Number of protein chains: 2
Amino acid sequence: MASLDRSIVANVPIFASLSPDELDAILRDARSVRYPKDGAVFDQGTEAHSFFVLLHGHLRVEKTTPQGQQIVVRYVSAGELFGVAQAMALKHYPATAIAVVDSVALAWPSTLWPELIAKFPALAAGALQTVGSRLQDSQARILELSSEQVEQRVAHALLRLAKQAGRKVEHGVEIDFPISRQDVAEMTGTTLHTVSRILSAWEQQGLVEGGRQRIVLRDPHKLFGIAEGHGK
Amino acid sequence: MASLDRSIVANVPIFASLSPDELDAILRDARSVRYPKDGAVFDQGTEAHSFFVLLHGHLRVEKTTPQGQQIVVRYVSAGELFGVAQAMALKHYPATAIAVVDSVALAWPSTLWPELIAKFPALAAGALQTVGSRLQDSQARILELSSEQVEQRVAHALLRLAKQAGRKVEHGVEIDFPISRQDVAEMTGTTLHTVSRILSAWEQQGLVEGGRQRIVLRDPHKLFGIAEGHGK
DNA sequence: CCGGCAGCTTGCGCTAAAGCAAAGTCCACC
DNA sequence: GGTGGACTTTGCTTTAGCGCAAGCTGCCGG
């Protein structure tokens with residue numbers, strides 16, 4: 001059991017530089033938790049009691065405005081560190097994390113973070129890198145929202161999803177978890193209706209293949225063209 | 001000279017927890033550089049040779065798409081850490097930093113970062129916090145771009161600018177550096193024309209007072225109302 | 001096996017804001 | 001003190017994509 005944990009955790013970039021002994025020491029303080037599909041791992045605004053590494057499954061991280069508008073911040077896949085609010089000096093989680101399929105995560109009490117980085121300075125560097133790459137992602141998204149048309153943004157979003165959680169299937173690459181038109185809309189700053197229209201049009205052209213909470217990319221290369229603006 | 005530096009650097013959150021001796025040690029490796037108005041501190045895509053703390057002045061950080069579209073990522077004010085690409089494991093600066101007024105910064109060679117955080121673990125924690133708060137900002141901006149109308153976004157942008165770099169003047173709060181309509185457009189994902197129209201309308205109602213590269217907020221409270229959507 | 005509902009599609013009209021075009025206006029520099 | 005260019009304003013036209021509305025479909029639970 002413990003060795004299973006160690007082997008999967010070894011692939012987490014933030015833990016990669018640690019020795020097996022160090023890994024075991026860190027894993028001693030973790031507990032493994034199971035989240036059923038549609039279960040919340042944590043809720044926006046609640047106290048940031050833990051930080052996590054996802055062992056298995058997929059999470060949707062979403063954020064709601066005071067006015068009730070909702071956006072999808074990102075999806076978390078196995079091996080990723082998440083819920084590190086405390087490390088950024090936040091008392092409360094700034095977003096909600098929901099399991100989109102049955103999932104399993106390792107959880108550490110947030111209070112342990114300071115000792116852990118004191119004992120393993122590489123952890124701090126790793127966390128900085130994790131947060132840094134998320135910052136990059138966010139800024140790329142701001143650029144997209146500022147300068148691209150909806151069609152390009154949807155293409156970009158699908159390509160990113162395929163890269164992060166794509167599974168090769170017979171006719172292309174399928175997003176490896178249930179995702180609705182509404183979810184895509186909340187990732188791209190548009191509406192359910194517009195996403196549906198775009199996907200329908202693409203399906204006509206054989207670029208994608210759809211279904212209820214299912215998206216398969218049949219021609220990623222052409223989609224990439226659309227994302228880059230050569231589509232129109 | 002050194003003591004002047006130490007006193008201003010003591011206000012930088014990331015250095016706040018260090019003792020005077022430690023501060024002096026860190027400052028020994030820094031050089032102070034002057035950037036004239038409109039001068040570049042670093043350029044997007046170039047090697048990330050240094051990281052910086054701004055001592056005096058204001059910088060505009062901007063990012064350009066492959067297609068040539070440009071956005072303003074943020075403004076940097078005195079006391080802020082910036083250019084920490086290397087800490088996030090980036091080889092190249094992901095954006096360009098331009099002095100919008102004559103400015104002075106402390107610069108350290110990026111290569112020093114690993115030793116510095118090894119010697120002063122608080123630095124890593126501080127950097128994590130800095131990057132974390134930028135991530136928060138970025139995500140707030142994504143939310144705005146996804147869910148708000150242009151008018152609300154412009155109101156939010158002005159309020160943020162006023163908070164960060166506002167100077168009390170007779171009739172309100174003035175943004176303390178030259179900023180064009182174009183700049184505001186690039187902060188809010190809209191066009192020069194739309195910003196100009198909005199500001200003109202607000203000027204009519206006495207909410208703001210304009211001018212060439214000059215913006216004064218005369219009624220921040222009402223602007224806040226617009227930002228929250230109670231405007232219309 | 002069937003009913004109902006969550007998720008999806010599609011048509012239509014509307015509007016916010018972009019694009020285009022043409023004048024101001026102010027400042028800096030000669 | 002004048003002149004050119006950068007910055008701004010403003011009118012008009014166009015359009016992407018939103019909001020509303022109605023109907024469809026496939027899945028899950030009974």
Side-chain angles (χ1 to χ4, degrees), chain A residues 36-38 60 67-72 98 100-101 144-155 157-158 175 177-205 208-216 226 229 231-232, chain B residues 36-38 60 67-72 98 100-102 144-155 157 175 177-205 208-216 226 229 231-232:
Chain A
K37 182 175 154 137
D38 298 327
R60 184 181 64 241
Q67 286 80 41
Q69 256 268 2
Q70 198 167 80
I71 65 160
V72 173
I98 308 264
V100 292
V101 294
E144 284 181 22
L145 284 166
S146 299
S147 68
E148 294 179 356
Q149 312 242 108
V150 170
E151 200 175 22
Q152 294 178 264
R153 304 205 301 263
V154 173
L158 294 190
I175 311 298
F177 49 78
I179 180 166
S180 71
R181 309 296 187 247
Q182 178 71 41
D183 293 330
V184 176
E186 287 177 9
M187 295 181 70
T188 51
T190 182
T191 62
L192 160 65
H193 309 275
T194 300
V195 172
S196 179
R197 274 180 251 275
I198 290 173
L199 291 188
S200 293
W202 286 350
E203 189 143 21
Q204 297 271 321
Q205 302 171 242
V208 303
E209 194 179 302
R212 204 189 178 67
Q213 306 206 98
R214 229 182 107 259
I215 303 175
V216 181
I226 293 176
K232 270 270 149 71
Chain B
K37 182 177 153 139
D38 297 327
R60 185 181 62 242
Q67 286 81 42
Q69 257 267 6
Q70 198 167 78
I71 66 159
V72 173
I98 308 265
V100 292
V101 295
D102 288 352
E144 283 182 23
L145 284 165
S146 300
S147 69
E148 294 180 356
Q149 312 242 106
V150 170
E151 200 175 22
Q152 293 178 265
R153 304 205 302 262
V154 172
I175 312 297
F177 50 78
I179 181 166
S180 71
R181 309 294 187 248
Q182 178 70 43
D183 294 329
V184 176
E186 288 177 7
M187 295 181 70
T188 51
T190 182
T191 62
L192 159 65
H193 308 274
T194 300
V195 171
S196 180
R197 273 179 251 274
I198 289 172
L199 291 188
S200 292
W202 286 349
E203 188 144 22
Q204 298 271 321
Q205 302 170 242
V208 303
E209 193 178 303
R212 204 188 178 67
Q213 307 207 92
R214 230 182 103 258
I215 302 174
V216 181
I226 293 175
K232 270 273 153 69

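Remember, it's a predicted structure, so these values are computed and weren't measured experimentally. Lettering follows sequence order; numbering is per chain, from 1.
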Working to the nearest 0.5 angstrom, can you tell me the gap between B/Ile215 CD1 and B/Glu203 CD?
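Atom-to-atom, B/Ile215:CD1 and B/Glu203:CD are 10.0 Å apart.
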Find the distance between CD1 (B/Ile179) and CZ (B/Arg214) and round it off to the nearest 0.5 Å.
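Answer rounded to 0.5 Å: 13.0 Å.
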Please enumerate all residues that pass side-chain contact (heavy atoms from CB on, under 4.5 Å) together with [X], with sequence neighbours excluded.
X	answer
A/Arg212	none
A/Gln204	none
B/Gln152	B/Glu148, B/Gln149

Is the shortest side-chain N/O distance from B/Ser200 to OP1 or OP2 of D/dT8 below 4.0 Å?
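False: B/Ser200 side-chain N/O out of range (4.0 Å or more) of D/dT8 OP1/OP2.
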Under 4.0 Å, counting only non-hydrogen atoms across every strand here, what does B/Ser180 touch: a base, just sugar-phosphate, or nothing?
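The residue B/Ser180 makes sugar-phosphate contact but no base contact.
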Under 4.0 Å, counting only non-hydrogen atoms across every strand here, what does A/Arg181 touch: a base, just sugar-phosphate, or nothing?
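Sugar-phosphate contact only - A/Arg181 comes under 4.0 Å of backbone atoms but never of a base.
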Tabulate atom names and distances for all N/O pairs under 3.5 angstrom spanning the protein and nucleotides 11-17 of chain D.
unit_1	atom_1	unit_2	atom_2	d
D/dG11	N7	B/Arg197	NH1	3.1
D/dG11	O6	B/Arg197	NH2	3.2
D/dG17	OP1	A/Val150	N	2.8

Holding to side-chain hydrogen bond (donor to acceptor under 3.5 Å, both in side chains), I want the full list of residues that pass it with [X], two or more places apart in sequence or in another chain.
X	answer
A/Gln213	none
B/Arg153	none
B/Ser147	none

Using whole Å, report how far [atom1] of [X] lies from [atom2] of [N].
X	N	atom1	atom2	value
A/Leu192	D/dG23	CG	P	18 Å
B/Leu145	D/dC18	CG	P	14 Å
B/Glu203	D/dT10	CD	P	9 Å
B/Arg214	D/dA6	CZ	C1'	17 Å

Quantified as the angle between the terminal helix axes (five pairs each), what is the overall bend of the helix from C/dC1-D/dG30 to C/dC30-D/dG1 to 10 degrees?
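Comparing the axis at each end, I get an angle of 50°.
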Would you give me the side-chain donor-acceptor pairs under 3.5 Å for residues 193-202 of chain A, sequence neighbours excluded?
unit_1	atom_1	unit_2	atom_2	d
A/Thr194	OG1	A/Thr191	OG1	3.2
A/Ser200	OG	A/Ser196	O	2.9
A/Trp202	NE1	A/Glu151	OE2	3.3

Contacts of A/Asp38 that satisfy salt bridge (charged side-chain N to carboxylate O under 4.0 Å, His left out) - sequence neighbours left out
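For A/Asp38 there are no salt bridge (charged side-chain N to carboxylate O under 4.0 Å, His left out) partners, ignoring immediate neighbours.
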Would you please name every residue forming a salt bridge (charged side-chain N to carboxylate O under 4.0 Å, His left out) with B/Glu144, sequence neighbours left out?
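With sequence neighbours excluded, B/Glu144 shows a salt bridge (charged side-chain N to carboxylate O under 4.0 Å, His left out) to B/Arg160, given in chain and number order.
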Going 5' to 3' along DNA chain C, between which two nucleotides do contacts with chain B fall, using a heavy-atom cut-off of 4.0 Å?
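Result: C/dA17 to C/dC27.
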